[in-house]
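Have a look at the structure below before the remarks.
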Amino acid sequence: VLRINKTLSCAGADRLSTGMRGAFGKAYGTAARVSIGTPLISVRTKDEKVQVALEALRNAKFKFAGRQKVFLSKKMGFTSFTREEYDK
């Protein structure tokens, strides 16, 4: 959780501001530290909807800071098996 300690910097601010007393701040937003190569979003979908999901992820990556890649896995769903291994 990101926090902010609001202070005024105009004339007469000394009567309103408490300086660093109680400077823990109010909740301002949320953030996450993510290592390079960590998946941010995983989607499992039917084969006929793959192109729709890829387009949705391509649009969603603009909402994140930095550079993202959309990657289509050869694995089946969220398992560690390929499609051929899974069908056996």
Side-chain angles (χ1 to χ4, degrees):
V1 177
L2 302 175
R3 296 190 170 273
I4 186 169
N5 181 25
K6 289 186 182 177
T7 57
L8 296 175
S9 61
C10 57
D14 55 341
R15 292 188 295 274
L16 300 175
S17 177
T18 59
M20 291 303 290
R21 181 188 304 156
F24 186 64
K26 293 186 176 183
Y28 184 66
T30 56
R33 286 189 174 178
V34 181
S35 301
I36 294 173
T38 304
L40 299 179
I41 300 174
S42 296
V43 177
R44 184 173 63 181
T45 185
K46 296 178 181 178
D47 289 337
E48 60 267 13
K49 301 291 185 180
V50 169
Q51 292 304 320
V52 175
L54 287 176
E55 181 66 19
L57 289 173
R58 190 189 70 78
N59 290 335
K61 75 179 184 178
F62 295 113
K63 298 293 183 179
F64 294 98
R67 187 179 66 203
Q68 272 56 253
K69 271 189 222 174
V70 176
F71 175 74
L72 181 61
S73 176
K74 293 177 176 58
K75 308 286 183 174
M76 181 66 180
F78 294 131
T79 66
S80 60
F81 303 111
T82 61
R83 290 185 173 274
E84 293 80 28
E85 293 171 354
Y86 189 80
D87 289 336
K88 286 182 184 178

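Sequence positions, counted from 1, serve as the residue numbers for this chain. Because the structure is predicted, anything quoted here is derived from the model rather than measured.
- Nearest heavy-atom pair across Val43 and Leu57 is CG2-CD2, 4.0 Å.
- Checked for salt-bridge contact, Glu85 and Lys88 miss the test: no charged N lies under 4.0 Å from a carboxylate O.
- With a 4.5 Å cut-off on side-chain heavy atoms, Phe64 and Val34 do not count as touching.
- A continuous path of hydrophobic side-chain contacts links Leu40 to Leu54 [ILVMFWY only; heavy atoms under 4.5 Å].
- In the hydrophobic cluster analysis, where Ile, Leu, Val, Met, Phe, Trp and Tyr join through side-chain heavy atoms closer than 4.5 angstrom, Leu72 is grouped apart from Phe78.
- In this structure, the separation between CG on Asp47 and CZ on Arg83 is 4.5 Å, given to the nearest 0.5 Å.
- Nearest heavy-atom pair across Lys61 and Arg58 is CG-O, 3.2 Å.
- Counting all heavy atoms, side chain and backbone alike, Gln68 lies closest to Ala65 at NE2-O, 3.3 Å.
- With sequence neighbours excluded, the residues satisfying side chain to side chain contact (heavy atoms under 4.5 Å, CB included) with Thr79 are Met76, Phe81, Tyr86.
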